Amino acid sequence: MENLKNWLSSMFYLFFLGSISQEIPQAQISNGLIKATIYLPDEHKGYYRGTRFDWSGVMPVLEHGGHSYFGKWFKTYEPKVHESVMGPVEEFGPVGYDKTKIGDSFLKIGVGTLRKPAEPRYSNFKTYEIQDAGEWKVEHLTNQISFKHMLNDRPYSYEYQKVISLSPNTSEMVITHSLTNHGDDRIETEVYNHNFFFLDGLNIGPGYVVRFPFKIVEKGKINGVGKFVKIEDDEIVFIKKLGKKDHVYIGEITGFDINNTNGYEIWVENRRSGAGVKITCDRPLSRLVFWSAQKTVCPEPYIDLDIAPRASANWTIKYDFYQL
């Protein structure tokens with residue numbers, strides 16, 4: 001019965017994708033082993049036009065070895081709602097918000113400059129007015145897509161490039177990043193990948209396991225641990241299905257060495273269906289958050305960025321997809 005429900009859900013989602021495919025700018029890439037669909041940034045027609053996540057890299061579909069890794073995990077779609085995203089989407093922290101006057105603009109990399117309203121604090125769950133969305137350029141090859149976002153809005157001027165490539169004859173997806181600061185002020189921020197995994201269209205519950213290369217120490221706000229998941233040394237193990245309104249949240253996971261890139265190794269597996277993925281990065285973790293809902297499991301690894309004027313930062317994230 002559960003398999004039938006999952007199949008019907010998958011068929012509905014494929015119908016949903018097909019119904020909007022003629023309207024949403026998108027591209028497909030493949031290396032013969034992996035194939036992926038990627039929605040393209042567009043200020044007027046883009047699938048995602050919110051102000052939380054970087055507009056490049058929204059990925060509703062990635063398939064490898066008969067398994068699927070991403071999909072529509074949220075209930076209601078609205079292009080300007082913060083959660084209307086899928087796949088390995090990234091969010092940069094706001095730049096200049098605290099020193100910006102009400103009515104003036106602050107920066108969200110991958111989105112543009114946003115107008116600051118009268119409010120007590122910044123909220124990444126809120127949709128802000130975009131003052132300058134910058135300019136996007138996209139280059140598409142068979143197994144690769146390149147995004148370039150250029151913003152020239154003093155004091156926030158930068159060039160941000162993201163390249164998503166499927167390495168030839170491998171089960172690997174590589175996301176390379178370059179951020180060049182052309183402005184007058186330093187760009188001090190953090191960036192993380194939300195990793196909205198939804199393996200084989202199976203709702204989150206027993207069979208899902210997330211593993212790290214260190215013993216997990218929980219800190220900060222915690223929800224659902226002991227009820228939906230248990231911590232076993234270096235693993236988060238799901239022990240109960242999540243319902244529509246259930247969430248698991250660990251506000252801070254520690255135990256890694258902030259000076260060692262080996263800490264940025266994460267395995268996500270669905271041991272019921274046999275799908276797995278390993279995530280690595282060439283920069284060390286600055287912090288680590290974990291969140292899960294009924295249809296997605298999300299390890300959220302952060303790195304810090306501090307870029308002087310006329311300087312650049314580069315980082316690369318790799319995804320190795322495998323079958324258990």
Side-chain angles (χ1 to χ4, degrees), residues 13 17 20 24-29 34 36-43 46-62 68-94 107-112 114 123-128 130 133-134 136 138 145-149 160-166 173-179 189-199 210 264 266 268 277 279 281 287-293 295-303 305 315-319 321:
Y13 179 56
L17 282 180
I20 64 171
I24 304 300
Q26 60 187 273
Q28 287 75 40
I29 57 175
I34 305 172
T37 298
I38 301 158
Y39 289 142
L40 308 181
D42 189 293
E43 188 176 0
Y47 182 87
Y48 178 71
R49 284 168 270 156
T51 56
R52 179 180 180 183
F53 293 102
D54 167 9
W55 285 8
S56 61
V58 179
M59 190 179 297
V61 176
L62 185 144
S68 62
Y69 286 83
F70 304 119
K72 184 175 179 289
W73 61 273
F74 47 89
K75 183 177 179 180
T76 303
Y77 168 68
E78 213 292 320
K80 294 187 179 181
V81 170
H82 70 91
E83 64 180 19
S84 292
V85 287
M86 295 166 280
V89 292
E90 296 170 275
E91 179 185 5
F92 291 82
L107 174 64
K108 281 282 282 191
I109 294 163
V111 180
L114 312 179
S123 172
N124 56 4
F125 300 141
K126 179 177 181 176
T127 302
Y128 290 84
I130 298 176
W136 285 97
V138 178
I145 191 161
S146 174
F147 302 95
K148 186 179 291 185
H149 190 219
Y160 171 53
Q161 185 166 0
K162 175 189 285 188
V163 180
I164 302 174
S165 59
L166 303 177
M173 176 174 71
V174 180
I175 307 179
T176 59
H177 309 75
S178 175
L179 178 59
T189 186
E190 61 181 2
V191 59
Y192 72 98
N193 199 307
H194 207 299
N195 290 310
F196 287 101
F197 289 110
F198 186 17
L199 303 185
V210 181
Y264 199 140
I266 305 168
V268 180
V277 57
I279 314 162
C281 183
R287 63 189 181 103
L288 180 61
V289 176
F290 181 81
W291 179 80
S292 182
K295 294 181 180 294
T296 188
V297 58
C298 309
E300 304 173 23
Y302 287 72
I303 64 172
L305 297 174
W315 67 101
T316 299
I317 303 173
K318 294 183 179 181
Y319 292 77
F321 302 96

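Side chains included, hydrogens not; waters and symmetry mates left out as well; all remaining heavy atoms used. As the structure is a prediction and not an experimental result, all values here were calculated from the model.
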(request) Kindly say whether Gly93 contributes a backbone atom to a donor-acceptor pair with the side chain of Thr189 at under 3.5 angstrom? (result) yes
(request) Applying side chain to side chain contact (heavy atoms under 4.5 Å, CB included), run through Thr296 and Phe70 and close with a yes or a no. (result) CA-CA 9 Å; Thr296 188; Phe70 304 119; over 6 Å; no
(request) Run the ring-centre check on Phe196 versus Phe74 and record whether the distance is less than 6.0 Å. (result) no
(message) To check you understand the geometry: which heavy-atom pair defines the closest contact between Val111 and Gly50, and what is its length?
(response) CG1-O, 4.0 Å
(request) Measure up the Phe321 and Tyr319 rings against each other and bin them: parallel (under 30°), tilted (30 to 60°), perpendicular (over 60°). (result) parallel
(message) Please report the interatomic distance OH(Tyr47) to CG(Leu40), rounded to the nearest 0.5 Å.
(response) 14.0 Å
(request) Using the test side chain to side chain donor-acceptor pair (under 3.5 Å), find all partners of Asp54 that sit at least two apart in sequence or belong to another chain. (result) Ser56, Tyr160, Lys162
(message) Using the ring centroid of each side chain, check whether Phe198 and Tyr69 are separated by less than 6.0 Å.
(response) no
(message) Would the distance check show the side chain of His82 and the main-chain N or O of Phe53 forming a donor-acceptor pair, the cut-off being under 3.5 Å?
(response) no
(request) Take His177 and Ile317 through the side chain to side chain contact (heavy atoms under 4.5 Å, CB included) test and state the conclusion after the steps. (result) CA-CA 8 Å; His177 309 75; Ile317 303 173; 4.0 Å; yes
(message) To the nearest 0.5 Å, what is the distance between CG on Asn193 and CD1 on Ile266?
(response) 9.0 Å
(message) Are the side chains of Ile279 and Pro301 in contact, using a 4.5 Å heavy-atom criterion?
(response) no
(request) May I ask you to decide if the ring planes of Trp55 and Trp136 are parallel, tilted or perpendicular, using 30° and 60° as cut-offs? (result) parallel
(message) Between Arg52 and Glu83, does any NZ, NE, NH1 or NH2 come within less than 4.0 Å of an OD or OE carboxylate oxygen?
(response) no
(request) Give, for atom CZ of Phe92 and atom NZ of Lys108, the distance between the pair rounded to the nearest 0.5 Å. (result) 9.5 Å
(request) Kindly indicate whether the side chain of Leu179, heavy atoms from C-beta on, has any atom under 4.5 Å from the side chain of Trp315. (result) yes
(message) Please give me the minimum heavy-atom distance between Thr37 and Pro60, naming the atom from each residue.
(response) O-CD, 3.1 Å
(message) Within this structure, what is the CD1-CD distance for the pair Ile130 and Glu43, rounded to the nearest 0.5 Å?
(response) 6.5 Å
(message) Could you tell me if the side chain of Tyr192 sits less than 4.5 Å from the side chain of Val289, heavy atoms only?
(response) no
(request) Give the minimum heavy-atom separation between Gly112 and Leu107, together with the two atoms involved. (result) O-CD1, 3.6 Å
(request) Take atom NZ of Lys126 as the centre, draw a 6.0 Å sphere, and report whether it contains more than 12 heavy atoms from other residues, nucleotides or ligands. (result) yes
(request) Please name the pair of heavy atoms, one in Tyr77 and one in Gly46, separated by the smallest distance, quoted to 0.1 Å. (result) OH-O, 4.3 Å
(request) Find out whether Asn195 and Val268 are in side-chain contact, i.e. whether some heavy atom of one side chain is under 4.5 Å from a heavy atom of the other. (result) no
(request) Nearest 0.5 Å please: distance from the CD atom of Gln28 over to the CD1 atom of Ile145. (result) 9.0 Å
(message) If the condition is side chain to side chain donor-acceptor pair (under 3.5 Å), which residues does Glu78 pass it with, not counting sequence neighbours?
(response) none
(message) Please give me the minimum heavy-atom distance between Ala36 and Met59, naming the atom from each residue.
(response) CB-SD, 4.1 Å
(message) Testing the basics here: between Ser84 and Thr76, what is the closest heavy-atom pair and its distance to 0.1 Å?
(response) OG-O, 4.2 Å
(message) For His194 and Trp291, take the angle between the two ring planes, folded into 0 to 90°, and tell me which bin it lands in: parallel under 30, tilted 30 to 60, perpendicular over 60.
(response) perpendicular
(message) Can you tell me how far apart CG (Leu62) and CZ (Phe197) are? Round to the nearest 0.5 Å.
(response) 9.0 Å
